[in-house]
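Below is one structure, written out as structure tokens, with a few remarks after it.
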Number of protein chains: 2
Amino acid sequence: MKKHLTRATKDYLKAIYALSVNGLSASTNDLAKRLNIAAASVTGMIKRLAQTNPPLVDYRKHHGVTLTPTGEQAALEIIRHHRLLETYLHDSLGFSWDEVHEEAERLEHVISEKFEARIDKVLGHPTHDPHGDPIPDLNLVMPQKASTRLSTLRPPQEAIIERVNDEDGNLLRYLQEKSLVPGSKLKIRAHSPFDGNLTLEINGEEIILGPAVTHHIFIKEA
Amino acid sequence: MKKHLTRATKDYLKAIYALSVNGLSASTNDLAKRLNIAAASVTGMIKRLAQTNPPLVDYRKHHGVTLTPTGEQAALEIIRHHRLLETYLHDSLGFSWDEVHEEAERLEHVISEKFEARIDKVLGHPTHDPHGDPIPDLNLVMPQKASTRLSTLRPPQEAIIERVNDEDGNLLRYLQEKSLVPGSKLKIRAHSPFDGNLTLEINGEEIILGPAVTHHIFIKEA
DNA sequence: ATACACTTTTAGCCTAACCTAAATTTTATT
DNA sequence: AATAAAATTTAGGTTAGGCTAAAAGTGTAT
Ligand SMILES: [Mn+2]
Ligand SMILES: [Mn+2]
Ligand SMILES: [Mn+2]
Ligand SMILES: [Mn+2]
């Protein structure tokens with residue numbers, strides 16, 4: 001019964017997936033903000049997603065949506081496309097890591113399974129995109145995702161950057177300049193209680209980062 | 001005044017360009033057939049293309065459309081994308097020449113100028129796609145296109161294949177099997193008057209081809 | 001010059017996805 | 001428990017781009 005998912009549909013599924021990582025349902029307002037669409041429009045679309053056959057989402061009026069297994073599969077398929085594309089654009093075509101997101105956002109909807117398979121092979125079946133986000137495998141199993149924010153660390157903890165938020169190009173350019181990229185090792189030297197600034201050592205240098213930065217860096221403790 | 005051309009708009013412009021190679025205007029019916037859209041819908045769309053600012057087409061009721069300079073630029077931009085993509089998919093990603101058209105048809109609408117520039121560079125600024133079609137250059141100047149059909153040759157003419165029609169995957173697979181690809185040299189040995197069959201020599205072998213094949217192969221005389 | 005076939009346009013409808021404004025429901029605060 | 005604020009849904013509208021059926025225009029063959 002599943003025909004062809006439109007671009008708008010896929011964007012909604014991806015957004016719902018992203019907002020449901022916590023296991024909770026995604027709210028109309030949060031979806032509206034993330035998709036840059038009026039809340040009323042989101043309600044309308046959600047209702048249609050819930051009425052497809054098979055349904056793509058479960059919807060309880062006034063209580064948000066969650067993905068059905070069908071919807072989640074579709075979301076994972078698109079996320080796989082997105083992250084493989086980002087990796088390909090970065091590693092094979094020389095895009096910088098702040099440019100890949102926007103391009104992948106458009107390409108993810110139109111590439112064939114053949115294209116996906118080709119770049120997956122060329123890249124050697126990568127497991128993470130340039131920002132450290134995990135790439136769902138061929139069976140659409142999503143590896144665990146780093147969820148500890150750098151902002152939660154306190155001296156004298158040490159950590160390795162695992163991934164960074166890829167949605168803000170300006171932030172990405174800043175992070176690259178400071179070598180705040182996946183794989184980098186850092187040691188927490190100090191924490192300022194009121195502004196939340198962290199002083200940390202990276203590559204032998206000391207830098208101070210505010211919460212607007214550390215909130216978007218995810219680490220694993222070293 | 002022009003913001004962003006929709007996918008449908010770009011498809012129309014490309015089709016009008018293709019149907020106007022002869023210098024004549026494109027008819028409603030021919031566009032409908034090529035785009036797989038009802039003739040009435042084509043009339044509706046054409047009217048809108050003629051009313052954009054600046055106009056993309058010139059339209060005279062009952063007498064077809066032609067591209068304005070603005071429309072032609074837009075068409076050439078898409079054709080450049082299409083042919084660069086076909087070349088990239090073929091040369092760099094290992095797609096066979098009968099698979100590239102369909103994939104490029106979807107990708108051509110979403111790649112950025114950055115993506116275009118990157119693959120153009122990786123490919124070494126190619127001038128022809130895998131089927132021998134010329135690629136408009138960076139200034140959107142379209143090289144001359146081979147227009148002599150193999151079907152018009154008679155013994156004992158000799159020729160080199162310059163390009164083949166890329167719209168039918170089955171034909172392309174057949175042609176490849178017979179080495180009827182751009183660059184191949186052939187000698188006309190015989191012509192059958194009623195069925196139009198041509199007997200020709202290629203790579204030292206003799207083959208007989210009907211008009212359904214020879215009509216879609218374009219050559220330059222050797 | 002007329003008649004008929006073919007092409008094209010008009011008229012009226014439809015769907016997907018958006019929008020704003022108004023109504024309603026939920027939730028948070030007293 | 002009442003009310004105010006915030007979130008959500010409903011109602012009504014728009015635009016792009018399709019569709020079919022019917023009307024009208026064009027060109028050809030007698
Ligand atoms: Mn896929
Ligand atoms: Mn990413
Ligand atoms: Mn371009
Ligand atoms: Mn081609």
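Below, chains carry the letters A, B, ... as their sequence lines are ordered, and counting in each starts from 1. Side chains included, hydrogens not; waters and symmetry mates left out as well; all remaining heavy atoms used.
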Interatomic distance where CG belongs to B:L56 and P belongs to D:dG17 [whole Å]
11 Å

For C:dT9 and B:Y59 - does any side-chain N or O of the residue sit under 4.0 Å from the phosphate oxygens OP1/OP2?
yes

When the distance from NZ of B:K33 to P of C:dC6 is rounded to whole Å, what number comes out?
12 Å

Closest nucleotide among C:dA11, D:dG25, D:dT10 to the A:A40 side chain
D:dT10

Salt bridge flag under 4.0 Å for residues B:E105 and B:K14:
yes

Nearest heavy atom decides the nucleotide; on that basis, is B:A39 or A:T9 closer to the 5' end of DNA chain C?
B:A39

Any chance NZ of B:K145 has more than 12 other-residue heavy atoms, nucleotides or ligands included, within less than 6.0 Å?
yes

Side chain of B:A38: nearest nucleotide among C:dA17, C:dT26, D:dT20?
D:dT20

Given C:dT20, D:dC19, C:dT10, the nucleotide with the shortest approach to the side chain of B:K61
C:dT10

I need the CD1-C1' distance between B:I46 and C:dT10, as an integer number of Å.
14 Å

Please determine if a side-chain N or O atom of B:S41 lies less than 4.0 Å away from the OP1 or OP2 oxygen of D:dG17.
no

Students often get this wrong, so: under 4.0 angstrom with heavy atoms, is A:A8 touching a base, only sugar-phosphate, or nothing?
sugar-phosphate

B:R48 side chain: which of D:dT9, D:dG18, D:dA16 is closest?
D:dA16

From CG of A:L49 across to P of C:dA16 the rounded distance in Å is 11 Å

Choose from D:dG17, C:dT10, C:dT20 the nucleotide whose nearest atom is closest to any side-chain atom of B:K47.
C:dT10

To the nearest angstrom, the CZ-C1' distance between B:R7 and D:dG17 comes to 14 Å

Does the gap between the ring centers of A:H82 and A:H101 come in under 6.0 Å?
yes

Measuring to OP1 and OP2 of D:dA16, would you say a side-chain N or O of B:Y12 lies under 4.0 angstrom away?
no

Nearest-Å distance for atom pair CG/C1', residues A:N29 and C:dT25:
14 Å

Any idea how A:F115 and A:Y88 line up, ring-wise: parallel (<30°), tilted (30 to 60°), or perpendicular (>60°)?
perpendicular

Determine the contact category for A:T43: base if any of its heavy atoms lies under 4.0 Å from a base atom, sugar-phosphate if only primed atoms, P, OP1 or OP2 are that close, otherwise nothing.
base

Taking B:E116 as the fixed residue, which of B:E108, B:H81, B:K121 is the one that meets the side chain to side chain contact (heavy atoms under 4.5 Å, CB included) rule?
B:H81

When the distance from CD of B:Q51 to C1' of D:dT15 is rounded to whole Å, what number comes out?
15 Å

Starting at CE of B:M45 and ending at C1' of D:dC19, how long is that distance when rounded to a whole Å?
15 Å

Checking all strands, does A:T28 fall into the base, sugar-phosphate, or nothing category for heavy-atom contacts under 4.0 angstrom?
sugar-phosphate

